[in-house]
Amino acid sequence: NWSWKVKQELGDISASPALCSGVRSRSCSSAWSPQGSTCPALVVSPSLSPQYTLWNFLPKNLFEQFRRIANFYFLIIFLVQVIVDTPTSPVTSGLPLFFVITVTAIKQGYEDWLRHRADNEVNKSNVFVVENAKQVRKESEKIKVGDIVEVKADETFPCDLIFLASSSIDGTCYVTTASLDGESNFKTHYAVRDTTVLCTDEAIDTLTATIEFAVYTGMETKMALNYQGKSQKRSAVEKSINAFLIVYLCILLGKATVCTTLKYVWQSNPFNDEPWYNEKTKKERETFKVLRMFTDFLSFMVLFNFIIPVSMYVTVEMQKFLGSFFISWDKEMYDEEIQEGALVNTSDLNEELGQVEYVFTDKTGTLTENSMEFIECCIDGHKYKDCISEVDGFSQADGPLKYYGKAEKVWNGCVCCWLWGAVALLLLPLLLFCKGADSSIFPRVQQEEIQPTKVHVDRNAMDGYRTLCVAFKELTQKEYDKIDRQLNEAKMALQDREEKMAKVFDDTEANMHLIGATAVEDRLQEQLAETIEALHAAGMKVWVLTGDKMETAKSTCYACRLFQTSTELLELTARTVGDSDRKEDRLHDQEYGLIIDGSTLSLILNPSQDSGSSNYKSIFLQICLKCTAVLCCRMAPLQKAQVFIYLSLAAGPITLSIGDGANDVSMILEAHVGIGIKGKEGRQASRNSDYAVPKFKHLRKLLLAHGHLYYVRIAHLVQYFFYKNLCFILPQFLYQFFCGFSQQPLYDAAYLTMYNICFTSLPILAYSLLEQHISIDTLTSDPQLYMKVSDNAMLQWRPFLYWTFLGAFEGLVFFFGVYFLFQNSSLEDNGKVFGNWTFGTIVFTVLVFTVTLKLALDTRFWTWMNHFVIWGSLAFYVFFSFFWGGVIWPFLKQQRMYFVFAHMLTSVSTWLAIILLIFISLFPEILLIVLKNIKEKNHQVRNKMMRTLYS
Amino acid sequence: GKKNYKADGHPSGGVGVPGGGAVGGGGGGAVKTRKPDNTAFKQQRLPAWQPILTAGTVLPAFFIIGLIFIPIGIGIFVTSNNIREYEIDYTGTEPSSPCNKCLNVSWDSTPPCTCTINFTLEHSFESNVFMYYGLSNFYQNHRRYVKSRDDSQLNGDNSSLLNPSKECEPYRTNEDKPIAPCGAIANSMFNDTLELYRIDNDTRTPITLIKKGIAWWTDKNVKFRNPTGDGNNLTALFQGTTKPVNWPKPVYMLDSEPDNNGFINEDFIVWMRTAALPTFRKLYRLIERKNNLQPTLQAGKYSLDIAYNYPVHSFDGRKRMILSTISWMGGKNPFLGIAYITVGSICFFLGVVLLIIHHKYGNRNTSADIPN
């Protein structure tokens, strides 16, 4: 009879597979307890928590939505329009707001419904509860604290439990906690001591189950406490939008304040306040002055509120949502082997893909294929390849052997449970087998045995193979009993159980005999080196986080050109700690690579009390930021997340993490952008990621092409929105100086409402979906282009100021151009005159044409759709204006636009003025393009001249 | 054993690996549809025109635009300069002005204060002359003022006639009778009467002023309609309404001609089109050229008779009378011409300068190419 005890060593833990846990545990339980008494392997279930019920959906959802500053602002504006007598009707802002709120509510309601459905599956699942010595079937949501729950093999725990007893003799069970911390390693749990006796003696052994005691249920479970919404990821673009929003809010408040102040200054003259031709109503006269000033202020706010457009949020959301389809549609990111393409789990981060500075990658399965291929083994210094038969009394080995995952390895009929990095005790007729990395095995064996195997192991490691050493030891019955007793004692210890057990293992595993070592190849993924080189060239720093042995990881890194031959390597491992101070000052222009191992990392990140090591943190950070490539080997899964938190807190760069296994989930969730590889280790990583791709090489297109384009598109979208609304509202602001600060709108209400919704929305949406200022092929082949947009380059204050000035300039041109035009007595050849609505319509026409043509100037990729929406919007504007002015609308109080547009077009002067003003507005932009072009050419020429001179 | 494990744990792992479990094949086949469509749109490879604005293409455009704009500008400028315009301020704020006596006139002064201003036209006005009145510092674009009207009443809606919109407050009703036309705009309608005489050897010849054809056709024929009912008697149709407070006469007595009376009176329509800026002109009368031999207004002495009813002094306003000829581009306005000439010149100039710079580098560029 075999029985297994698995122990974990810190630093020896590594990437573990993210198989479908149910499947995995079934196989394990049978393998582990062949005699039939099952040690159930259990998985903690994910608990999703729906936010809403049918009853509270509306109020709660509305409350949640209006907690967003932008929505709240629009709500306030809407309410002001309803309450106060404002220049524009509440419809102008109410309609868009209603639209936004409804769409969001539907989306969130749908997502919540999905959550409800998933929750029901979990909450309504049947659980056996022991009540009055009877087994009672219960729905899992009805478990109360104090219930005794029976959980069978391969089931998930319904809540937090105390382990009372199991059906196995020694009262153990094996648990994976993949859904808690992403570790799919099996952890041994021991029943509470007092109950162990009970369960082994009594009748529970007929039940292949564990008996547990409910401690926490529902929202109090660890799972629920740890649960964080994934929606918390906010992109850098969004932060910029918020910053710009504040600027525009200040502009808005400033404008409203200026107008209100000037209004009262102007009105201090009684004949301005109330001339005989324009008397106030009784009500207006009787209102308190302070209240009047306040309502005036609000009215101005409403009049200028279009400067912060609701539609921008709609457009940004739509752009992100629709744009993300291009990623999943991309056939270049489709993998024939797994028959899947890229997967987009969130569309909020598209543009962040163009901003990545740090790439953290897992090694196994991400950089490598994760298809283990048996290469060779050495036994007692003899090398064996492929088919091995009858060697040293061992029967045979299937070859070539292929195993996936860091899973069990069958070797010579003896079962060697190859839980990666773990050291196993195997008590077969009192033979103790032990396997592990050479670094953990060699200290335990006789020194003279090491040398012949070490040669092989080192050579294999240099070749990039994964090596594993196996040792054995004979035990006498006495020794076995002693160990067993010691282990039991350690197991029952209430304090320092882990340490005590580790000590027992350490003592036992001394003086072993080395059998040999195996070498397994994990092939590198295709085009890996090219991809990593491209990422480097794009200015990204690549960190490899792996649980592998340093030498293996290092050779992989060389193979995938993470480290070039010219790269100077800084090794920071437990042996070399302390050297960092000296090397730090030498970091100059050369490319540096850093190698650090898990234990050193924990020394640096979790310094013990002594003061000396705390400053390593900052030194370490400086070194890290200067190295182009960093290799962290021998990492525990949790350390991976720790690196992120540390790095993002300290330096705040935009990080991307990519991994394929459940142990990468923590770092995928932690990074700004989490990418899952749809690898062989299951779905955990891709489900928790923001984007999932089949292979590492797809990262190249995802970042360099898609990320770059999305960033450029959305950055342009944001800037353009602010710009077009600034030059939309500025003439209205200027008009206040000519209408006695009376809040008279310059444009008709229809134009005010439709400007952002109809006339100028589609061209920018099409642009932000289709634009390719540089073709995708160029972007993918020239990684350096990626650096052009790095550091949020298009949304810095400089470009923002440029756009703002452009908007302000154009606003001034529109208004004063038409103002000077109106100095004329008549613009028509029949001497008839135009009124204020014609004035506004001319300004508006110039505005719509200018902002659309400005976009046309920026468009570098004219598909038929761009043509359609750009010329279509302009045509629609003209058509709409004719239509709107061509009918006496019975529902309108005033027919102010009646034939205004048509009359406007009968005037030759107006035509000439419109053309001139559009040209003047676009002139600086065109001039800038030309100057840039000349400068570029100049630069090129100078470079060429220099080269010529040198040659 | 182990075979079982492999098949069990990795349903998709075996695909394509010889010797591995072939079990995964079924799972793979079911998802064949996931392969993205190879359409140009989905692959972002739509055929596209990719314009590159280079100096080489834009600069000639500058050049051409300059060449187009300058002649247009000159044309407009010359046209504008050929327009004859004469303006008289008859507010009467200066003590010497003949209208000074009327400065503080009120609305209901009867008989109206009249004054006469003599002036001399240095040049003759050859083509049709348009007579405008101009007001300054008059905020027709004030919000309270702009919205103070009821367009459905003016459109002839009988219910609005008797129950005007609330927007007309405080000019909605007077002594419990609805005002027609209601609102501040109508109430403050310009009511000076201007008459023009040519003085020839001390004889005053009146010049015919045509008062029709000064309003937009659509306003006169569609937007503004008299109330409908039995017969065409406007007095009866406006029964039950009262005149605007400041008006001396009700709306149906604005003119003797029936097709220029009531809401469709053109002076009224012109006034109802609110001006864009506080200083504005409105068309008042037309002076048509009678025959081809004589100019419409010869150079010489003229006198303007004003029935001064409209008070502007209280809000520091000014009143003007403008005589102007009109060209294809409207009235006199040097702005457009100058703007065109300026922009055209800048364009042309920059085009030339940048073209030279560009060519210099372009030439150097090609010469640098040769040794390579």
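A note on names: the letters A, B, ... follow the listed sequences, proteins ahead of strands, and every chain is numbered from 1. Predicted, not measured: the structure shown is a model, and the values here were computed from it.
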**Request:** Below 4.5 Å from any heavy atom of chain A, which atoms of B/P47 appear? Answer side chain, backbone, both or neither.
**Result:** backbone
**Message:** Need one label for B/F280: side chain, backbone, both or neither, based on atoms under 4.5 Å from any heavy atom in chain A.
**Reply:** neither
**Item:** Engaged part of A/E936 at the chain B interface, taking heavy atoms whose separation is under 4.5 Å
**Value:** neither
**Item:** Contacting region of A/N933 [heavy-atom separation from chain B under 4.5 Å]
**Value:** side chain
**Request:** Please step through side-chain contact (heavy atoms from CB on, under 4.5 Å) for the pair B/N137 and A/F271, ending with a clear verdict.
**Result:** CA-CA 10 Å; B/N137 207 23; A/F271 61 74; 4.1 Å; yes
**Request:** Identify which of B/F62, B/W328, B/W49 forms the greatest number of heavy-atom pairs closer than 4.5 Å to chain A.
**Result:** B/W49
**Request:** May I ask you to decide whether B/E87 forms a salt bridge with B/R281, counting only side-chain N to carboxylate O separations under 4.0 Å?
**Result:** yes
**Message:** With a 4.5 angstrom heavy-atom cut-off, is it the side chain or the backbone of A/S826 that approaches chain B, or both, or neither?
**Reply:** both
**Request:** Name the region of B/I214, side chain, backbone, both or neither, that has any atom closer than 4.5 Å to a heavy atom of chain A.
**Result:** backbone
**Request:** Can you tell which part of B/I76 gets under 4.5 Å to a heavy atom of chain A, answering side chain, backbone, both or neither?
**Result:** side chain
**Request:** Counting only heavy atoms closer than 4.5 Å, note whether B/Y145 contacts chain A via side chain, backbone, both or neither.
**Result:** both
**Request:** Counting only heavy atoms closer than 4.5 Å, note whether B/A275 contacts chain A via side chain, backbone, both or neither.
**Result:** backbone
**Residues in ring pair (Phe, Tyr, Trp, His ring centres under 6.0 Å) contact with A/F820, at least two apart in sequence or another chain** = B/F335
**Item:** Distance-only donor-acceptor check, side chains A/Q823 and B/K332, under 3.5 Å
**Value:** no
**Complete:** Counting heavy-atom pairs under 4.5 Å with chain B, the top scorer among A/D777, A/N272, A/D335, A/L769 is A/D777
**Asked** Most heavy-atom pairs under 4.5 angstrom with chain A, which of B/V58, B/T279, B/T274?
**Response** B/T274
**Prompt:** Side chain, backbone, both or neither: which part of A/T859 has a non-hydrogen atom closer than 4.5 Å to chain B?
**Reply:** backbone
**Request:** Please flag which part of B/Y132 lies under 4.5 Å from any non-hydrogen atom of chain A: side chain, backbone, both or neither.
**Result:** side chain
**Request:** Heavy-atom distances under 4.5 Å only: say whether A/M865 touches chain B with side chain, backbone, both or neither.
**Result:** side chain
**Fill in**
Cut-off 4.5 Å, heavy atoms of chain A, and the answer for B/V343 is side chain
**Prompt:** So do the side chains of B/I65 and A/F919 get within less than 4.5 Å of each other, counting heavy atoms only?
**Reply:** yes
**Prompt:** So does A/E340 pair up with A/K678, basic N to acidic O under 4.0 Å?
**Reply:** yes
**Message:** Does any backbone or side-chain atom of B/A40 lie under 4.5 Å from a heavy atom of chain A? Answer side chain, backbone, both or neither.
**Reply:** neither
**Asked** Highest number of heavy-atom pairs under 4.5 Å with chain A: which of B/P51, B/P278, B/C347?
**Response** B/P51
**Item:** Region of B/S327 in contact with chain A, defined by heavy-atom distances below 4.5 Å
**Value:** backbone
**Donor on one side chain, acceptor on other, B/T39 and B/D37, under 3.5 Å** = no
**Asked** By a 4.5 Å heavy-atom criterion (distance strictly below it), what part of A/N830 contacts chain B: side chain, backbone, both, or neither?
**Response** backbone
**Structural part of B/K223 lying under 4.5 Å from a heavy atom of chain A** = both
**Request:** Tell me, out of B/S324, B/G213, B/S165, who's got the most heavy-atom pairs with chain A below 4.5 Å.
**Result:** B/G213
**Asked** Picking from A/G840, A/G817, A/A342, which has the most non-hydrogen pairs under 4.5 angstrom with chain B?
**Response** A/G817
**Fill in**
Honestly, the part of A/L821 sitting under 4.5 Å from a heavy atom of chain B is both
**Item:** Max heavy-atom pair count under 4.5 Å with chain B, selected residue of A/F738, A/F325, A/W911, A/F741
**Value:** A/F738
**Request:** Mind ranking A/N866, A/V908, A/L892 by heavy-atom pairs under 4.5 Å with chain B and telling me who comes out on top?
**Result:** A/V908
**Asked** Can a salt bridge be assigned to the pair A/K932 and A/E925 using a cut-off of 4.0 Å between side-chain N and carboxylate O?
**Response** no
**Prompt:** Given the side-chain rings of A/Y277 and B/F138, with only the six-membered ring counted for Trp, is the space between their centroids under 6.0 Å?
**Reply:** yes
**Item:** Any side-chain donor near an acceptor of the partner, A/E828 and A/T906, under 3.5 Å
**Value:** yes
**Prompt:** If you measure from the Lys or Arg side-chain nitrogens to the Asp or Glu carboxylate oxygens, is any gap between B/D219 and B/R273 under 4.0 Å?
**Reply:** yes
**Message:** I want to know whether B/F224 and B/W216 have ring centres closer than 6.0 Å.
**Reply:** no
**Asked** Side chains of A/Y334 and A/Q339: closer than 4.5 Å at any heavy-atom pair?
**Response** yes
**Request:** Check whether B/N155 gets within reach of chain A through its side chain, its backbone, both or neither, counting any heavy atom under 4.5 Å.
**Result:** side chain
**Message:** Is A/H773 in contact with chain B via its backbone, its side chain, both, or neither, using a 4.5 Å heavy-atom distance?
**Reply:** neither
**Prompt:** Does the distance from a Lys or Arg side-chain N to an Asp or Glu carboxylate O, for B/E167 and A/K893, drop under 4.0 Å?
**Reply:** yes
**Prompt:** Just by modelled atom types, is the A/C739 backbone N or O under 3.5 Å from a matching donor or acceptor in the A/S742 side chain?
**Reply:** yes
**Prompt:** So, A/F899 versus A/W837, ring centres under 6.0 angstrom or not?
**Reply:** no
**Item:** Partner chain B: residue of A/Y819, A/W864, A/W266, A/F834 with the largest heavy-atom pair count (under 4.5 Å)
**Value:** A/W266
**Message:** Need one label for A/I776: side chain, backbone, both or neither, based on atoms under 4.5 Å from any heavy atom in chain B.
**Reply:** side chain
**Request:** Measure B/R149 against the heavy atoms of chain A and call it side chain, backbone, both or neither at under 4.5 Å.
**Result:** both
**Message:** Report which part of A/K280 has an atom under 4.5 Å of a heavy atom belonging to chain B: side chain, backbone, both, or neither.
**Reply:** both
**Request:** Let me know if A/I888 has heavy atoms under 4.5 Å from chain B in its side chain, its backbone, both or neither.
**Result:** side chain
**Fill in**
When the 4.5 angstrom heavy-atom criterion is applied to A/D273 and chain B, the contacting part is backbone
**Request:** Tell me, for B/L154 versus chain A, whether the close heavy atoms (under 4.5 Å) come from the side chain, the backbone, both or neither.
**Result:** neither
**Message:** Quick check: do B/P36 and A/D330 have side-chain heavy atoms less than 4.5 Å from each other?
**Reply:** no
**Prompt:** Given that the side chain runs from C-beta out, which part of A/L931 has a heavy atom under 4.5 Å from chain B: side chain, backbone, both or neither?
**Reply:** side chain
**Asked** Judged by modelled atom types alone, do A/Q772 and A/S775 share a side-chain donor-acceptor pair under 3.5 Å?
**Response** no
**Request:** Against chain A, work out which of B/Q50, B/M329, B/H142, B/E85 has the most heavy-atom pairs shorter than 4.5 Å and name it.
**Result:** B/H142
**Request:** Apply salt bridge (Lys or Arg N to Asp or Glu O under 4.0 Å) to B/R172 and A/E279, showing your working.
**Result:** CA-CA 12 Å; B/R172 187 168 164 263; A/E279 285 172 1; over 6 Å; no
**Item:** Stepwise side-chain contact (heavy atoms from CB on, under 4.5 Å) test for B/L286 and B/N128
**Value:** CA-CA 8 Å; B/L286 311 175; B/N128 287 347; over 6 Å; no
**Message:** Please rank B/E169, B/K282, B/Q44 by heavy-atom pairs under 4.5 Å with chain A and give me the top one.
**Reply:** B/Q44
**Asked** Would the A/F839 and A/Y735 ring centres measure less than 6.0 Å apart?
**Response** yes
**Heavy-atom pairs under 4.5 Å with chain B, option from A/R896, A/E284, A/Q895, A/Q744 with the top count** = A/Q744
